Each structure stands twice: as structure tokens, then as C-alpha cells.
Protein chains: 2
Amino acid sequence: MSLQSTDTPVFSCGLDASLRIVGGKWKPLILYFLCGGPSRYGELKRAVAGVSDKMLIQQLKELEAHGMVIRKDYGEIPPRVEYSLSPMGRSLGDALKPLCVWGEQNAGEIAAALRPGS
Amino acid sequence: MSLQSTDTPVFSCGLDASLRIVGGKWKPLILYFLCGGPSRYGELKRAVAGVSDKMLIQQLKELEAHGMVIRKDYGEIPPRVEYSLSPMGRSLGDALKPLCVWGEQNAGEIAAALRPGS
DNA sequence: CTGGATCCTATAAGATACTG
DNA sequence: CAGTATCTTATAGGATCCAG
């Protein structure tokens with residue numbers, strides 16, 4: 001009946017909101033790696049380790065659509081595309097840092113906890 | 001041929017390791033809410049908002065198996081169970097805090113970015 | 001109140017092959 | 001090099017009903 005509010009998403013809390021952007025298996029890793037500076041597609045793929053072309057492209061497109069990542073196509077042959085973080089993407093990457101540190105510090109316990117099988 | 005190393009998980013980085021523990025839609029929210037103090041099952045379910053019994057129990061069991069959450073059953077009738085964080089779980093919850101803050105600060109932009117679809 | 005069990009669907013993710 | 005397209009599988013997640 002009205003033109004407004006197609007349906008603005010509502011979040012239960014800040015963490016919920018963040019997870020809409022970085023949810024999934026690959027996005028945090030992509031974001032965090034790009035914190036180290038702009039990266040070409042191939043470089044990014046090697047860095048993420050294990051990701052398929054399909055997933056990498058898909059996640060990159062979503063991150064770009066959400067304004068976290070900037071894609072720069074140099075229009076050259078052979079192709080040359082560079083991905084970098086927007087200011088907002090960078091701040092999100094920074095927010096991921098403590099989680100990364102936690103993982104490094106507790107890598108041993110985590111590996112042990114994971115071994116018995118889930 | 002050897003007894004050791006059934007297959008110790010290997011992580012590509014700290015963030016990767018962390019995600020093995022807090023990956024998924026609900027675990028971060030559970031962890032973070034429990035940072036506010038121990039909570040009974042029903043209380044937790046109301047707090048997480050939208051989670052089903054099945055998912056909540058499942059995620060809680062995994063978090064418990066991984067040593068992040070402690071389940072205390074009071075053995076009463078009617079049942080009374082309290083969930084709390086282990087020291088490690090608490091440190092993980094703390095590492096989630098910046099992400100939560102980021103979501104709060106950027107809730108507006110996130111909602112806007114999410115609206116167009118995907 | 002705190003779950004367990006079952007069934008079902010949606011989405012994430014992986015494999016493979018192909019293209020400008 | 002940087003993707004696209006298609007197919008298939010795995011897992012996450014949801015609905016419903018049941019139980020001590």
C-alpha cells in the first residue's frame with residue numbers, strides 16, 4: 001500500500017548485523033587478507049588456500065555489492081584485476097583482527113578440540 | 001604405519017582456526033550473549049531470537065565439546081540447566097566484541113547495503 | 001522446562017569444463 | 001589471467017511432534 005520500506009533488515013544486535021556481511025566460510029578470510037593491501041585475483045586465490053574460482057568470485061561480488069571491496073579492472077590483455085578494501089571494508093577487517101589473534105594464540109587447543117571428531 | 005597424528009587439523013591462519021570454532025550462523029551469537037553471564041536454556045533461547053531448539057542444542061553441544069561452553073545440569077524437576085563460558089570461551093567472546101561494535105556503528109549502512117537484494 | 005527425534009528444504013560449497 | 005557455466009554433493013537450517 002505504501003512506497004517506502006521494501007523491507008529494511010532488522011538486526012537483533014551488532015554482531016548479527018556484522019554476520020550478514022562476513023557470514024560464510026570465505027568472506028572473513030578474504031577481508032582479512034585484503035587488509036594487507038590490494039591484491040590481484042590470482043594472488044588472492046593463492047592466499048585464501050582451498051577456495052575454488054566459483055566461490056572466490058561469488059564472495060568477492062557480494063562483498064563488492066555490499067560496499068566492502070573495490071574491484072578495479074585495468075582492461076588489459078592479459079586481464080589484470082585488482083581488489084582492495086573500501087574504508088568500511090578496512091574497518092571491518094580491523095574488527096576481525098582480534099579473532100585472528102585469538103586463533104593464533106589458541107591454535108594448539110583448537111586443533112586438539114577438533115581432533116576427536118566434531 | 002604409526003600411532004601418532006590421526007590427522008591434526010592444519011590452519012591456513014589464525015582466523016581460519018577461529019572460524020572452525022565460531023563458524024556458522026548461531027555460535028557467535030551464543031558465545032557473545034553468554035559473555036553477559038551464565039544463562040538458563042530458555043533465557044538463552046529468547047536472547048538469541050529466531051533460533052530453533054534443534055539448532056540451539058546442537059550448537060551448544062559443539063561449543064561444549066570444543067571446550068568453550070560449560071553445561072551445568074542441576075538435576076531438578078522441572079529441569080534446570082545453566083550454560084556458561086569456560087575461560088577459553090570467554091576469551092573468544094571477547095575477541096568477538098569488536099565485530100559486534102562494528103555492526104552497531106555501521107548498522108545503517110549495512111541495512112542499506114542489504115536492501116537491494118543479496 | 002529442557003531437550004530428543006524425524007523429516008524436509010534451502011543454501012553453501014565443491015568438481016569440472018570452458019572462454020575471451 | 002580472470003573469470004563463467006553447469007552439475008552435484010554436503011551441510012546448515014527449519015518445522016513438527018514427542019518426552020522425562
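Numbers restart at 1 for each chain; the letters A, B, ... are given by sequence-line order, proteins then strands. Bear in mind the structure is a predicted one, so any value in this text is a computation, not a measurement.
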Query - First and last nucleotide of DNA chain C, 5' to 3', lying under 4.0 Å from heavy atoms of chain B - result: dC1(C) to dC7(C)
Requested in this report: Name all residues meeting the salt bridge (charged side-chain N to carboxylate O under 4.0 Å, His left out) criterion together with Arg46(A); count only those two or more places apart in sequence or in a different chain, and write none if there are none.
Outcome: none
Query raised in the report: In terms of the nearest nucleotide of DNA chain D, which residue is placed more toward the 5' end: Pro78(B) or Val81(A)?
Result: Val81(A)
**Report entry** Residue whose nearest DNA chain C nucleotide is more 5′ - Asp73(B) or Gln59(A)
**Finding:** Asp73(B)
Query raised in the report: How many angstroms lie between atom CG of Leu92(A) and atom CG of Leu63(A), to the nearest 0.5 angstrom?
Result: 8.5 Å
Query raised in the report: Is Lys27(A) close to Met68(A) at the side-chain level, that is, under 4.5 Å between some pair of heavy atoms?
Result: no
Requested in this report: Measure the shortest side-chain to side-chain distance between Arg71(A) and Leu60(A) over non-hydrogen atoms and say whether it is less than 4.5 angstrom.
Outcome: no
Query raised in the report: Excluding sequence neighbours, so at least two apart, what forms side-chain hydrogen bond (donor to acceptor under 3.5 Å, both in side chains) with Ser86(B)?
Result: none
**Report entry** Terminal helix-axis angle for the helix from dC1(C)-dG20(D) to dG20(C)-dC1(D), with five pairs defining each axis and rounding to 10 degrees
**Finding:** 50°
Query raised in the report: Between Met88(B) and Trp102(A), does a side-chain contact (heavy atoms from CB on, under 4.5 Å) hold up when you go through it step by step?
Result: CA-CA 10 Å; Met88(B) 198 171 163; Trp102(A) 185 87; 4.0 Å; yes
Report summary line: Heavy atoms of Trp26(B) and Ala49(B) approach each other most closely as CZ3-O, 4.3 Å
Query raised in the report: Taking 5' to 3' order, which nucleotide of DNA chain D is first and which is last to have an atom within less than 4.0 Å of a heavy atom in chain B?
Result: dG13(D) to dG20(D)
Query raised in the report: Contact class for Lys25(A) (heavy atom, under 4.0 Å): base, sugar-phosphate, or nothing?
Result: sugar-phosphate
Report task. Would you check if Ile70(A) and Leu85(A) make a side-chain contact, meaning some heavy-atom pair closer than 4.5 Å? Result -> no
**Report entry** Minimum-distance pair of heavy atoms, taken over all atoms of Ile30(A) and Gln59(A)
**Finding:** CD1-CB, 3.7 Å
Query raised in the report: Is there a side-chain contact between Tyr41(A) and Asp53(A), using heavy atoms and a 4.5 Å cut-off?
Result: yes
Query - Touch class at under 4.0 angstrom, heavy-atom based, for Tyr83(A) against every strand present - result: sugar-phosphate
Query raised in the report: Counting any heavy atom closer than 4.0 Å, what does Lys27(A) reach on the DNA or RNA strands: base, sugar-phosphate only, or nothing?
Result: nothing
Taking distance alone, no hydrogens or angles, what donor-acceptor pairs closer than 3.5 Å link side-chain atoms of residues 10-25 of chain A to residues at least two apart or in another chain?
unit_1, atom_1, unit_2, atom_2, d
Ser12(A), OG, Asp16(A), OD2, 3.4
Asp16(A), OD1, Arg20(A), NE, 3.2
Asp16(A), OD2, Ser12(A), N, 2.9
Asp16(A), OD2, Arg20(A), NH2, 3.2
Ser18(A), OG, Gly14(A), O, 3.2
Ser18(A), OG, Leu99(B), O, 2.6
Ser18(A), OG, Gly103(B), N, 3.2
Arg20(A), NH2, Val10(A), O, 3.4

